[in-house]
There are 2 protein chains.
Amino acid sequence: MTNKLSDKTVGRLSLYRRLLNNLARSGVKYLFSHDLAAESGATAAQVRRDVMAVGYSGSPTKGYEIAELAASIARFLDGECSQSVALIGVGNLGRAILAYFSGRRPNLAIVAAFDRDEHRVNRVIHGCRCYPVDVLQEKVAEVGIRTAIIAVPAGEAQTVADRLVRSGVRGILNFAPTHLRVPPNVFVQEIDITTSLEKVAFFARQ
Amino acid sequence: MTNKLSDKTVGRLSLYRRLLNNLARSGVKYLFSHDLAAESGATAAQVRRDVMAVGYSGSPTKGYEIAELAASIARFLDGECSQSVALIGVGNLGRAILAYFSGRRPNLAIVAAFDRDEHRVNRVIHGCRCYPVDVLQEKVAEVGIRTAIIAVPAGEAQTVADRLVRSGVRGILNFAPTHLRVPPNVFVQEIDITTSLEKVAFFARQ
DNA sequence: TAGATTGTTAATCGATTAACAATC
DNA sequence: TAGATTGTTAATCGATTAACAATC
């Protein structure tokens, strides 16, 4: 179960699950690899390999049973118990992230937010309690948080990351436009909106 | 100049430029490939290859002249004239994006935002005029916008993308959790925050 | 000069794609 | 059965890494 799975495969599985849940809601029972491929942007062969990786099998005539496949992916992606997430930085982007995840994923909820600005702390934003950043390490260690989202300005991101890692965080989603230096046992996913937009603008011009 | 450059290379170049500009501001004049590598998370060999791609040359003893290299990258990434960007969806995320880019990049500015909700339109948010989505095609074609950001709910993203493409847009930054189907001459960069967070949570548990 | 770095090619690696026997 | 799809392996592709002569 704790296989070595590539970054990309895990990303695709997460996407498949969401698509499958949507389809299940609309009453569809089965689909073929090429259906899921068309929905997700992957290829049918990728879907088949990814499905294989989670240990689920389909039928050559009926395809995959949607509910079963979704359940297999869930078993694979989600841990035994639900995971708590911390958010650091409650500016425009941080608040958008809070709003976005508010009550959406019960297994993966942002349970604590932190900010340096005292006007933003000691209140509840989109259902999430905001604390001063001074209590970051204490709080993260206390709750046993292992996943964090960094949405602070570039200059503060590395300091925040260091403190997170010291408190036991093992995965960071980093929106700050800075490459974070972390130990090899910590997974970092960088989302650099400026770079993404510049890429789009570049290829739009070609 | 209009070379076939990979997605990843363009992304790294965009990041290098930002790092170089920061260094230039702090008064540094030269750096070596491994310095830029350490800052960006790339390898020194990647930096050398990327620099080669933009047609700039360094010196084995001094390294790269920061200002010159930044200028070469800028010539390469930016077009002749500045590019206008449209934003569709002025919800929490859309407003965060507006705030983020507001006045930051003169060459790549969000000049028009669109939303379906009439409470959000016909006003200026973070310096950007918001229009009803009905005038999207008209406005995009009129201004000659070729780059757009989609920040609408998943269900509306494909419709919006179709209309954008019909109006002449050739690059889309898509925050909606939907795989967009577009013609092959349109570049799409998907930023799926939910998938990214699930990936981080998954690897944090390993 | 000696030494480190550059520009650039060759070797490696990993992921994607093609292919096909097994299956229902 | 005939036919399409599955599970899975082999071939392909592209990007990363290693290597090294040329350079200052």
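Bear in mind that the values here come from a model prediction, so they are computed numbers and not experimental data. In what follows, every chain begins at residue 1, and chains take the letters A, B, ... in the order their sequences are listed.
Comparing A:Pro60 and B:Tyr56, the nucleotide of DNA chain C nearest to each residue sits closer to the 5' end for B:Tyr56. With DNA chain D read from its 5' end, the first of the two nearest nucleotides for A:Leu31 and A:Thr61 is the one closest to A:Thr61. Remark on DNA chain C: of its neighbouring residues A:Thr43 and B:Tyr64, the 5'-side contact belongs to B:Tyr64, judged by nearest-heavy-atom nucleotide.
At a threshold of 4.0 angstrom between heavy atoms, the contacts of B:Ser57 are confined to the sugar-phosphate backbone, with no base atom among them. Heavy atoms of B:Lys62 sit nowhere under 4.0 angstrom from any nucleic acid atom. Here B:Ser33 lies in heavy-atom contact (under 4.0 Å) with sugar-phosphate atoms only.
Protein atom CG of A:Leu5 is 14 Å distant from nucleotide atom C1' of C:dG14, rounded to whole Å. Between the CG atom of B:Asp7 and the C1' atom of C:dT16 there is a distance of 16 Å, given to the nearest Å. If you measure from atom CZ of A:Phe32 to atom P of D:dG3, you get 16 Å, rounded to the nearest angstrom. For A:Gln46 and D:dG7, the CD to P distance is 16 Å, given to the nearest whole Å. In this structure, B:Leu69 places its CG atom 17 Å from P of C:dT5, rounding to the nearest Å. Between the C1' atom of D:dT6 and the CG atom of A:Asp50 lies a distance of 14 Å, rounded to the nearest Å.
Contact annotation: the side chain of A:Gln158 approaches that of A:Leu180 to within less than 4.5 Å [non-hydrogen atoms, C-beta and beyond].
For C:dC24, the paired base is D:dG3 (Watson-Crick or G-U wobble, both distances below 3.5 Å). Base pairing of D:dT9: its partner is C:dA18, meeting the Watson-Crick or G-U wobble criterion (both donor-acceptor distances under 3.5 Å).
Pairing each heavy atom of B:Cys128 with each of B:Ile110, the nearest pair is SG-O, 3.8 Å.
The nucleotide whose nearest atom lies closest to any side-chain atom of A:Met52 is, among D:dG7, D:dC20, D:dT16, D:dG7. In the set D:dG7, C:dA15, D:dT16, the nucleotide with an atom closest to the side chain of A:Arg48 is D:dG7. Picking from D:dT5, D:dT16, C:dT16 the nucleotide with the shortest atom distance to the side chain of B:Arg49 gives D:dT16.
Put simply, B:Arg12 has a side-chain N or O that comes within less than 4.0 Å of OP1 or OP2 on D:dT16.
No more than 12 heavy atoms of other residues, nucleotides or ligands lie within 6.0 Å of CZ in A:Arg116, so this atom counts as exposed by the packing criterion.
Remark: B:Arg18 is not positioned above the aromatic ring of B:Tyr16, lacking an NZ or CZ atom under 6.0 angstrom from the ring centre and at most 45 degrees off the axis.
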Before you tell me yes or no, could you show the steps for A:Arg205 and B:Gln83 under side chain to side chain donor-acceptor pair (under 3.5 Å), namely the whole-Å CA-CA distance, both residues' side-chain angles and the distance that decides it to 0.1 Å? CA-CA 9 Å; A:Arg205 218 174 326 102; B:Gln83 265 179 287; 3.0 Å; yes

